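The structure's right below; bear with me while I get my questions together.
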Amino acid sequence: MIDGDATSPLRAVLRAVVARDPHERSFHRAVHDVFASLGPLCEEHPEYAEAGVFARLVEAERQLLFRVPWVDDLGAVRVQRGYRVGWSSALGPYKGGLRFHPKVDLAGIKALAFEQTVKNALTGLAIGGAKGGADFDPKGKSQGEVMRFCQSFMTVLHHHLGEHEDVPAGDMGVGERELGFMYGQYLRLTRRYEAGALTGKGVGWGGSAGRTQATGYGAVYFLEHALHERDEALRGKRAVVSGSGNVAIYAMEKLAELGATVVACSDSSGTIVDEEGIDVELVKALKERRRERLSVYADERSHAEYRDGAAVWDVPCDLALPCATQDELAEHDARQLVGNGCMAVAEGANMPCTTEAIDVFREAGTVFCPGKAANAGGVSVSVLEMQQNARRETWSFDRVDARLHEVMHDVFRRCHETAEAYGSPRDYAVGANVAGVRRVAEAMLALGVT
Ligand code: GLU
């Protein structure tokens, strides 16, 4: 994919990335996927490579790896690994979520922190890129266990946070409950009510209206622009959404509000197909309040079908929104979707489609809205939360939503125009990668070798 003389600096950097950490495959992939778009940019700006911009861009500014000991309900001492990778602070303080999941490892966090850096730059807002988390599984843990773990995690991490330094938020496995426990511990340890040190807080304690909805709503706003550009609309379309967490729930809510019918969603155990349209309020009740499996949906809605162990991708649809997890949509799923006439795919999750799946969409002319653009609404409203905290203000939901609309429109416009200018019209992945990297690169040039 990366070929030609002009792109050899990119190839050399990519080779060095692999040689340096040969086992970190998910990280290699993240870098490769971005670099594959950068040939024309590299050619246009030889000064980037000369100033070592690409070589510096693939190395985190700092990586924290720490022990997180905690005591479970039986009194046994358990030990998890905590991570916080500050990738780039060229455009602002480190910003990105924390993920609690048993599969969290350094390579995955590095991949996400790199991706976040490009995404955050693309928003046009003043934030750098970061990611963190732990190999802790909140599933099946008691409230007390989750709290003790979060407190222990923050006891180590708080030294490195602050509104001007590093501002985490939630991600998979980290919602308002976990953020509350972490913020409570942050306050005890720092003795400062520094609300801007963490985003995704509850609305009653320094959070922003609309932050919960932002990633899902934002993905649908991006998709709406992409369809509009082709004289298409959401109204009347059939959609499938993978996942049933925060991103999926609010993507479904907005799709339904704008006239699409969501016929399937999923969790890690299986898929619900509801031809009458997924009852989003029921999914919210099951997942947000009752913490149940999605299979319970079919017990309560007799016309719905539960497919044990199945994914949503073979349910015929016009629109597909992967909103669950990384690498959840592989090449054969992409072929299935294309074969069933799916016209557009918008990534609500981070890197849910494999490189091969994206190639299938490219070949088929399927509208593809990459996560680093389509799911940028979450981090953008995090910035609105930081702005409110800094000014000690509380904005209305409508004000936040209106601003989210503007930001997603800007993100779309940047992707669209940049793709066109760099010879790949309508390829929003190319547009997002080039526009994001260019903004970081310009700042890095201005700041000298740092
Ligand atoms: N975890 C979210 C993301 O992947 C949000 C990050 C944030 O708000 O800092 O963009």
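Because the structure is predicted, anything quoted here is derived from the model rather than measured. We count ligands from 1, going down the list as the structure has it; atoms in each ligand are counted the same way.
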**OP:** Mark up the atoms of ligand 1 that fall under 4.0 Å of a heavy atom belonging to Asp171, in ascending order.
**Re:** 1 (N), 2 (C), 4 (O)
Subject >> Residue pairs involving residues 201-230 (criterion salt bridge (charged side-chain N to carboxylate O under 4.0 Å, His left out); sequence neighbours excluded) >> reply: Lys201-Glu385, Glu229-Arg426
Subject >> Heavy-atom nearest neighbour in the protein, as seen from atom 8 (O) of ligand 1, with distance rounded to 0.1 Å >> reply: Ser382 OG, 2.6 Å
**OP:** Taking only heavy atoms of Ala169 into account, list the atoms of ligand 1 that are under 4.0 Å away from them.
**Re:** 7 (C), 8 (O), 9 (O)
**OP:** Would you check whether Arg211 has a nitrogen or oxygen atom less than 3.5 angstrom from a nitrogen or oxygen atom of ligand 1?
**Re:** yes
Subject >> Closest protein heavy atom (residue, atom, distance) for atom 6 (C) of ligand 1 >> reply: Gly97 N, 3.6 Å
**OP:** Check side chain to side chain contact (heavy atoms under 4.5 Å, CB included) between Gln116 and all other residues, then give those that pass, not counting sequence neighbours.
**Re:** Lys119, Asn120, Lys131, Val379
Original post:
How about His158 and Gln185: do any of their side-chain heavy atoms sit closer than 4.5 Å?
Top reply: no
Subject >> Residue and atom name of the nearest protein heavy atom (relative to atom 9 (O) of ligand 1), distance in Å to one decimal >> reply: Lys95 NZ, 2.6 Å
**OP:** Report the C-alpha separation of Phe27 and Trp87 in whole Å, then their side-chain angles, then the decisive distance to 0.1 Å, and conclude whether the ring-ring contact (aromatic ring centres under 6.0 Å, His included) test is met.
**Re:** CA-CA 13 Å; Phe27 175 57; Trp87 201 267; 5.5 Å; yes
Original post:
Under a 4.0 Å N-O cut-off, is there an ion pair linking Asp21 with Lys110?
Top reply: yes
Original post:
Would you call Asp359 and Thr354 a side-chain contact if the rule is heavy atoms closer than 4.5 Å?
Top reply: no
Original post:
Should Gly170 be counted as touching ligand 1, given the test is an N or O pair under 3.5 Å?
Top reply: yes
Original post:
Does Gln116 come within less than 4.0 Å of ligand 1, judged by its heavy atoms?
Top reply: yes
Subject >> Asn350 contact mode with ligand 1 (heavy-atom cut-off under 4.0 Å) >> reply: side chain
Original post:
Does ligand 1 have a heavy atom under 4.0 Å from the side chain of Met386, from its backbone, from both, or from neither?
Top reply: neither
Original post:
Can you list the atoms of ligand 1 that are under 4.0 Å from a heavy atom of Lys119?
Top reply: 3 (C), 4 (O), 10 (O)
Subject >> Distance filter under 4.0 Å to Lys131 heavy atoms, resulting ligand 1 atoms >> reply: 1 (N), 4 (O)
Original post:
What's the verdict on ring-ring contact (aromatic ring centres under 6.0 Å, His included) for His32 and Phe35, showing C-alpha distance, side-chain angles and the deciding distance?
Top reply: CA-CA 5 Å; His32 182 274; Phe35 273 33; 8.8 Å; no
**OP:** Verify, without hydrogens or angle tests, whether Tyr183 (side chain) and Ala195 (backbone) share a donor-acceptor contact under 3.5 angstrom.
**Re:** yes
